[in-house]
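Report on one structure; see the data block that follows.
Residue numbers count from 1 along this sequence. Since we're looking at a predicted model, the values are computed, not measured.
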Amino acid sequence: MSNPSHQYRSSFLGLLAERGQLQDCTDAGGLDARLQKEHVTGYIGFDCTAPSLHIGSLSQIMILRRLQQSGHRPIVVMGGGTTKVGDPSGKDDMRSLLTNEQIEANKQSIRKCFERFLTFGDGPSDAIMVDNADWLDKLEYIPFLRDVGRHFSVNRMLTMDSVKLRLERDQPLSFLEFNYMILQAYDFVELFRRYGCTLQLGGSDQWGNIVNGIDLGRRVAEAELFGVTSPLITTASGAKMGKTAKGAVWLNADMLSPYDYWQFWRNVEDADVGRFLRLFTELPEAEITRLENLGGAERNEAKKILANETTRMLHGDAAANDAAETARRTFEEGGIAEGLPTFEIERARLSEGLPLTTLAQLSGLTASSGEARRFIQGGGLRVNDEAVSDVKAAVSLADLTAEGVIKLSVGRKKHVLVKPV
């Protein structure tokens with residue numbers, strides 16, 4: 001394993017260390033030397049369990065981007081095959097099995113995100129995207145067990161965190177999931193044979209799987225392979241990155257609006273600003289140091305820069321500018337900005353009035369009507385920027401603004417426009 005303070009000579013490892021994205025590395029000296037003298041091909045796999053990746057995958061996408069910017073070739077491996085099995089890492093129970101049609105639809109939806117971060121093509125450092133179903137679906141069971149399975153010790157597999165933690169918690173682990181680490185290891189070998197790929201990258205929870213692949217490559221292909229892991233990202237308060245009260249922070253715009261994405265970054269904890277600027281933007285280190293040392297109200301300006309940079313990278317300049325302007329009009333002018341999240345409701349439901357607590361819950365502004373009631377009692381829930389003090393208050397068509405909507409707000413940062421249809 002590597003020492004994070006090690007002074008790497010290759011630009012890629014040096015950049016990962018500087019940005020706080022390097023945790024462990026197999027044969028750090030050997031990989032550092034190889035990265036200096038040749039184009040290295042490295043990959044990360046992404047399973048297709050949902051129509052979009054969420055922000056928990058963003059650190060890995062940024063690592064592939066940094067690999068390409070350092071002159072090397074990234075491979076995005078879509079897990080069309082491994083998704084049919086399910087990675088048990090960090091899971092207390094078995095994932096729901098998806099149909100082939102669901103996996104294919106998810107894969108097509110996910111692909112779009114990578115084009116914002118990577119340049120695809122045929123050049124020596126151009127990214128390529130492959131699907132491990134291309135080789136995993138064609139495996140014959142008995143030959144695979146004889147050629148690959150014999151190199152895996154069940155005793156050792158039982159010591160892997162992904163397996164051991166499930167067994168210690170007395171949670172069921174299916175034989176299907178037990179095979180996941182073998183298939184991931186085989187991916188590495190197949191990528192080496194097909195594309196000369198010698199580097200696998202991943203989060204620290206993938207360390208055991210990566211080492212398995214390196215070992216299998218040495219045994220069956222006499223390949224010298226390398227692995228690098230990055231820290232799993234949590235917030236300063238210890239929460240898992242990308243989880244909010246409203247759910248996951250998705251990367252696809254059709255699952256989370258650019259405005260909501262911008263707001264997520266704008267509202268990060270003060271203690272996370274510098275670290276997130278390093279992980280998720282390409283601002284120079286000197287500028288990040290300046291921004292993270294800002295105090296008081298100026299810290300909010302640093303958060304806006306973080307929100308602008310991350311949104312621009314994922315959704316483009318126009319979306320980032322629109323989100324920033326929507327926030328400015330909403331928070332600084334108290335106006336109704338068109339870019340706010342909109343909840344559509346049947347006009348008839350508002351004709352005679354609907355309890356504000358019910359509408360707050362339906363629109364997603366609050367998690368429950370009880371939470372809405374508590375906000376009202378504390379003076380924190382507003383209708384069209386006017387505080388409401390009556391927990392029995394109702395909202396009706398009479399509350400429509402000139403723009404034809406009703407603006408509900410909690411605090412200064414959370415808003416939704418209710419639109420009758």
Side-chain angles (χ1 to χ4, degrees), residues 1-29 31-32 35-36 40 42-44 46 53-72 74 89-90 117-118 199-207 210 226-243 249 251 261 264-295 299 302-314:
M1 295 186 183
S2 66
N3 182 342
S5 64
H6 179 78
Q7 295 300 306
Y8 296 101
R9 303 188 65 180
S10 65
S11 59
F12 176 58
L13 290 183
L15 184 58
L16 290 192
E18 178 184 90
R19 292 281 174 163
Q21 288 181 290
L22 180 60
Q23 176 135 335
D24 290 317
C25 180
T26 63
D27 187 10
L31 176 59
D32 197 33
L35 287 163
Q36 292 175 72
V40 170
Y43 89 96
I44 300 177
F46 300 86
L53 298 175
H54 57 70
I55 211 169
S57 298
L58 189 58
S59 177
Q60 301 307 309
I61 297 172
M62 288 297 296
I63 287 172
L64 287 178
R65 182 179 172 91
R66 300 195 202 284
L67 181 71
Q68 183 170 59
Q69 291 174 334
S70 300
H72 305 287
S89 300
F117 293 89
L118 301 171
L199 174 62
Q200 182 179 174
L201 304 144
S204 58
D205 61 334
Q206 296 298 315
W207 177 255
I210 291 174
F226 301 90
V228 169
T229 61
S230 57
L232 295 182
I233 309 301
T234 58
T235 65
S237 59
K240 191 173 182 180
M241 177 69 174
K243 294 293 185 181
V249 181
L251 300 185
Y261 187 76
F264 169 80
W265 295 105
R266 167 62 180 83
N267 294 329
V268 299
E269 298 175 42
D270 288 359
D272 285 326
V273 173
R275 186 163 60 103
F276 286 176
L277 283 167
R278 289 185 179 88
L279 290 171
F280 301 113
T281 79
E282 292 172 345
L283 291 178
E285 176 62 26
E287 175 65 2
I288 293 174
T289 300
R290 183 187 74 81
L291 290 171
E292 71 179 336
N293 287 329
L294 294 176
R299 177 57 61 94
K303 292 182 181 182
K304 290 177 186 177
I305 290 173
L306 171 64
N308 289 339
E309 291 295 318
T310 51
T311 306
R312 181 174 291 114
M313 194 173 294
L314 177 62

Just jot down the side-chain contact (heavy atoms from CB on, under 4.5 Å) partners of N308, sequence neighbours excluded, or say none. W262, R312, A324
Sub-4.5 Å side-chain heavy-atom contact between [X] and [Y]:
X	Y	value
E287	L277	no
T281	L306	yes
Q200	T26	no
I63	F12	yes
F46	Q60	yes
T310	F264	no
Y261	L251	yes

Closer than 4.0 angstrom, basic N to acidic O: yes or no for E285 and R278? yes
Rounded to the nearest 0.5 Å, how far does [atom2] of [Y] lie from [atom1] of [X]?
X	Y	atom1	atom2	result
I305	L291	CD1	CG	4.5 Å
S59	I44	OG	CD1	8.0 Å
E269	F276	CD	CZ	8.0 Å
L201	I210	CG	CD1	7.0 Å
L13	Q36	CG	CD	9.0 Å

Residue pairs passing the salt bridge (Lys or Arg N to Asp or Glu O under 4.0 Å) test where at least one lies in residues 56-66, sequence neighbours excluded: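 Only R65-E282 qualify under salt bridge (Lys or Arg N to Asp or Glu O under 4.0 Å).
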Closest heavy-atom pair and its distance - [X], [Y]:
X	Y	result
P231	Q21	CD-C, 3.8 Å
L232	S204	CG-OG, 3.3 Å
V273	A302	CG1-CB, 3.9 Å
V228	C25	CG2-SG, 3.8 Å
R299	D270	NH1-O, 2.7 Å
M62	L279	CG-O, 3.7 Å

Below 30° counts as parallel, above 60° as perpendicular, anything between as tilted: where do the rings of W265 and F280 land?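 Correct class here is tilted.
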Tell me, with the steps shown, if L314 and L58 meet side chain to side chain contact (heavy atoms under 4.5 Å, CB included). CA-CA 10 Å; L314 177 62; L58 189 58; 5.9 Å; no
Given 3.5 Å as the limit, does a donor-acceptor pair link the side chain of D32 with the main chain of A28, or not?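 Not confirmed, D32 side chain does not pair with A28 backbone.
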Would you check if there is a donor-acceptor pair between the side chains of T229 and Q206 at a distance under 3.5 Å? no
Determine, step by step, whether Y8 and L35 satisfy the side chain to side chain contact (heavy atoms under 4.5 Å, CB included) criterion, reporting the C-alpha distance in whole Å, the side-chain angles of both residues, the deciding distance to 0.1 Å, and the verdict. CA-CA 10 Å; Y8 296 101; L35 287 163; over 6 Å; no
